[in-house]
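Here is the structure we will look at, set down as structure tokens.
Both backbone and side-chain heavy atoms feed into the values below; hydrogens, waters and symmetry mates do not. By convention in this document, chain letters (A, B, ...) are assigned in the order of the sequence lines, proteins followed by strands, and residues within each chain are numbered from 1.
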Protein chains: 2
Amino acid sequence: MTRVLIVDDEPQILRALRINLTARQYEVLVAADGTAALQVAAHDRPDLVVLDLGLPDLDGVEVIRKLRTWTPVPIIVLSGRVGSSDKVDALDAGADDYVTKPFNVDELLARIRAVTRRQGGAEPTAPVRIGRFTIDLAARTAVADSGESVHLTKTEWHLLDILVRNPGALVTQRYLLQQVWGPTYLHETHYLRQYLAQLRRKLEYDPARPRHLLTEPGMGYRYAP
Amino acid sequence: MTRVLIVDDEPQILRALRINLTARQYEVLVAADGTAALQVAAHDRPDLVVLDLGLPDLDGVEVIRKLRTWTPVPIIVLSGRVGSSDKVDALDAGADDYVTKPFNVDELLARIRAVTRRQGGAEPTAPVRIGRFTIDLAARTAVADSGESVHLTKTEWHLLDILVRNPGALVTQRYLLQQVWGPTYLHETHYLRQYLAQLRRKLEYDPARPRHLLTEPGMGYRYAP
DNA sequence: CCTGATCTTGATGACTTCTTGACGACGTCC
DNA sequence: GGACGTCGTCAAGAAGTCATCAAGATCAGG
């Protein structure tokens with residue numbers, strides 16, 4: 001049974017989520033502030049954390065950092081502020097996904113499923129599909145159903161690798177730039193646009209309307225399986 | 001019964017893995033440092049090695065290299081370091097998979113299953129075709145349809161061997177250099193160009209437009225069946 | 001010690017990939 | 001409705017990588 005820790009200081013949100021998650025066979029733990037959240041997480045070892053960034057005692061990003069010092073438990077962030085850099089900071093600190101308040105419960109449930117699914121039995125080198133292509137990250141091959149294969153460059157593979165290894169999750173621009181080009185390129189978002197366009201052109205059915213390599217404006221990119 | 005050697009200097013990790021693996025019908029061997037690991041591996045011939053990179057005596061990558069001088073046993077690396085260069089070094093040295101600490105036990109078990117499964121199914125020495133030649137890696141022969149045979153040197157065989165044993169997959173320059181010339185030649189990409197040209201000249205129909213021994217610029221080479 | 005094969009090293013032109021700049025489309029905020 | 005910032009796209013020069021030819025160094029066998 002999947003155990004979910006919900007961290008929020010608004011009682012009505014706690015209540016709504018508890019009802020919805022319990023009804024779907026999740027075991028629900030709750031905490032109303034950051035200190036309590038850290039204690040409960042350490043004591044009860046949840047399989048997933050849903051964390052509101054606006055807590056009364058600690059900064060939400062700080063809670064993520066503290067959790068990440070000892071556990072890789074998936075964290076989904078709830079945030080009230082739209083377009084603020086808090087969310088990017090949270091993702092960079094190690095959160096797995098974010099949902100903006102007011103949020104749709106179905107969307108949150110979908111993200112919870114995506115994140116827990118990834119956690120469990122993800123075979124390291126199972127091929128994934130994008131458009132009409134089957135991508136094998138280990139062998140570095142991208143083969144169409146027709147049999148013909150597409151050639152990707154080193155940088156293209158590197159980017160695709162990171163996105164595909166985090167299926168369904170939002171990956172920040174900062175993280176991608178950091179991983180692929182190094183810490184001195186953190187603001188060269190142009191590179192990302194350039195290479196994402198290239199990947200879409202090579203892999204997506206309709207590069208102008210991507211279905212798998214999605215842009216999250218202002219934040220980053222997401223691979224949708 | 002699958003025999004697993006666990007190499008880690010933290011007693012609690014040894015203990016946790018021993019319990020989990022024993023419960024799943026694995027036979028478990030343990031070693032707390034690199035020297036002991038090499039001895040146990042040589043003496044008891046495990047079917048799989050789970051190796052922590054941070055050992056008290058030897059560097060983990062060094063342990064991998066030493067193992068790889070005499071055995072193709074699958075190696076799964078555990079590491080607290082998240083940097084991608086550590087990962088690349090370990091994989092290039094011959095590791096089969098890589099898990100970052102803190103790790104999820106279920107994930108590790110899944111990777112153990114994946115790696116041992118992969119082990120079983122690989123036919124090592126079926127003859128393959130390149131150009132008009134039939135290559136038998138076991139017998140070290142390359143015979144044309146007309147009956148005449150081509151002579152390949154030791155180094156040429158070694159390179160061809162690695163490429164052909166990974167059909168369709170990209171093999172990195174680092175890996176080839178590491179395997180054929182050793183760890184001190186990791187940047188001598190000129191050797192690769194030289195010998196790949198030689199192989200193409202001897203085996204391909206049109207050496208200038210190879211159909212089986214393909215270059216992946218900036219990354220490595222690939223044998224296309 | 002000599003000879004032929006193999007390995008190593010150097011130089012050059014061709015090619016691929018990376019980087020950079022410019023511009024229009026879209027959405028947001030004032 | 002207009003200014004602003006972000007995104008997607010096209011295009012071309014810069015940088016890096018590769019294939020090939022060629023010659024010197026090294027090694028093994030006779």
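- Atom pair Q173(A):CD and dG8(D):P shows a separation of 10 Å (rounding to whole Å applied).
- Atom-to-atom, NE2 of H190(B) to P of dC21(D) comes out at 12 Å; the value is rounded to the nearest Å.
- A side-chain donor-acceptor contact under 3.5 Å links D57(B) to the backbone of G34(B).
- Comparing dT20(C), dA19(D), dG8(D) by their closest approach to the side chain of Y221(A) singles out dG8(D).
- Residue Q173(B) holds its CD atom at 12.0 Å from CD of E188(B), rounded to the nearest 0.5 Å.
- Residue side chain Q194(A) reaches the base of dC10(D) through a donor-acceptor N/O pair under 3.5 Å, judged by distance alone.
- Here dA19(D) presents its P atom at 14 Å from CD of Q198(B), a figure rounded to the nearest Å.
- For Y191(A) and dT20(C), the shortest distance from a side-chain N or O to OP1 or OP2 is below 4.0 Å.
- A straight line from CZ of R193(A) to C1' of dT20(C) spans 13 Å, rounded to a whole angstrom.
- The interatomic distance linking L192(A) (CG) with dT19(C) (C1') rounds to 14 Å, in whole Å.
- At whole-Å resolution of the value, CZ in R209(B) and C1' in dT20(D) are 15 Å apart.
- Shown are R200(B), R193(B), R222(B); of these, the side-chain hydrogen bond (donor to acceptor under 3.5 Å, both in side chains) with T215(B) is made only by R200(B).
- Rounding to whole angstrom units, NZ of residue K154(B) and P of dA5(C) are separated by 18 Å.
- When heavy atoms are screened at a 4.0 angstrom cut-off, E188(A) is found touching no nucleic acid atom at all.
- If you measure from atom OH of Y195(B) to atom P of dT20(D), you get 16 Å, rounded to the nearest angstrom.
- Of the candidates dT19(C), dT8(C), dT9(D), the closest approach to any side-chain atom of W181(A) belongs to dT19(C).
- Candidate nucleotides dC18(D), dT6(C), dT9(D) were compared by shortest atom distance to the side chain of H151(B), and dT6(C) ranks first.
- Atom NZ of K202(B) sits about 11.0 Å away from atom CG of L160(B), to the nearest 0.5 Å.
- In this structure, the nucleotide among dC7(C), dC18(C), dC10(D) sitting nearest to the side chain of T155(B) is dC7(C).
- Using modelled atom types, one side-chain atom of E204(B) and one backbone atom of R211(B) make a donor-acceptor pair closer than 3.5 Å.
- When the side-chain nitrogen and oxygen atoms of R200(A) are compared with OP1 and OP2 of dG8(D), one or more of them lie within a distance under 4.0 Å.
- Side-chain N/O atoms of T189(A) include none lying less than 4.0 angstrom from OP1 or OP2 on dT6(D).
- Note on T215(B): a side-chain N or O is less than 4.0 Å away from OP1 or OP2 of dA19(D).
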